[in-house]
Amino acid sequence: MKRYGSVIKVREEKLEEYKRLHASVWPGVLNMIHACNIRNYSIYYKDGYLFSYFEYHGENYEADMAKMAADPETRRWWELCDPCQEPLETRKEGEWWAEMEEVFHTD
């Protein structure tokens, strides 16, 4: 299992819409997240930023993320969520959410 943390800005005028969308995530999107070996997924908000955390339990992260990106229902979900978000200028090329470095963990 590998832990992932990432961050993105949320557009102030879209925050309530983003919260409303995530209050009732589509079942097909949730099923795809699970099918792609993601567990314990959370998104937090603070001062204009969204922080996500999840645990990946699969064998091939890139393949699972490609599978998720190819799913039509997930793509429609992203079309609703993406306008609410503003990627960080410091993100790596190809990232939407900027991956964060884990500096501490304890079980």
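All heavy atoms count here, side chains included; hydrogens, waters and symmetry mates do not.
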Quick note, side-chain hydrogen bond (donor to acceptor under 3.5 Å, both in side chains) partners involving residues 64-76, not counting sequence neighbours, are Asn37-Asp64, Tyr56-Asp64, Asp71-Thr74
Which residues pass the salt bridge (Lys or Arg N to Asp or Glu O under 4.0 Å) test with Glu95, sequence neighbours left out? none
Name all pairs fulfilling the salt bridge (charged side-chain N to carboxylate O under 4.0 Å, His left out) condition that reach into residues 83-94, sequence neighbours left out, sorted by first residue then second. Arg11-Glu86
Do Met65 and Ile43 belong to the same hydrophobic cluster, where Ile, Leu, Val, Met, Phe, Trp and Tyr are linked whenever their side-chain heavy atoms lie under 4.5 Å apart, directly or via other members? yes
What residue pairs, at least two apart or across chains, pass side-chain hydrogen bond (donor to acceptor under 3.5 Å, both in side chains) with a residue in residues 41-52? Ser6-Ser52
Among the clusters formed by ILVMFWY side chains lying less than 4.5 Å apart, do Trp78 and Leu15 turn up in the same one? yes
Return the set of residues passing ring-ring contact (aromatic ring centres under 6.0 Å, His included) with His22 (not counting sequence neighbours), or none when no residue passes. Tyr18, Trp77
Give me the atom names and distance for the closest heavy-atom approach of Leu80 to Cys84. O-SG, 3.8 Å
Residues in side chain to side chain donor-acceptor pair (under 3.5 Å) contact with Asn40, at least two apart in sequence or another chain: Glu55
Looking at Glu13, I'd like to know if its CD atom is crowded, meaning that more than 12 non-hydrogen atoms belonging to other residues, nucleotides or ligands lie closer than 6.0 Å. yes
Restricting to side chain to side chain contact (heavy atoms under 4.5 Å, CB included), what partner residues turn up for Asn31, sequence neighbours left out? none
Applying the 4.5 Å side-chain criterion to the ILVMFWY set and letting contacts propagate, would Leu50 and Met100 be lumped into a single cluster? no
Please list all pairs meeting salt bridge (charged side-chain N to carboxylate O under 4.0 Å, His left out) that have one or both residues in residues 96-107, counting only residues at least two apart or in different chains. Arg3-Glu102
Please list all pairs passing the ring-ring contact (aromatic ring centres under 6.0 Å, His included) test where one or both residues lie in residues 80-103, with sequence neighbours left out. none
Applying side chain to side chain donor-acceptor pair (under 3.5 Å), can you list everything that pairs with His34, at least two apart in sequence or on another chain? Arg39
Nearest heavy-atom neighbours spanning Leu21 and Cys81: CD1-SG, 4.1 Å
Salt bridge (Lys or Arg N to Asp or Glu O under 4.0 Å) filter on Lys14, not counting sequence neighbours, yields Glu17
Closest approach of Leu88 to Lys9 (non-hydrogen atoms, all atoms of both residues): CD1-N, 3.7 Å
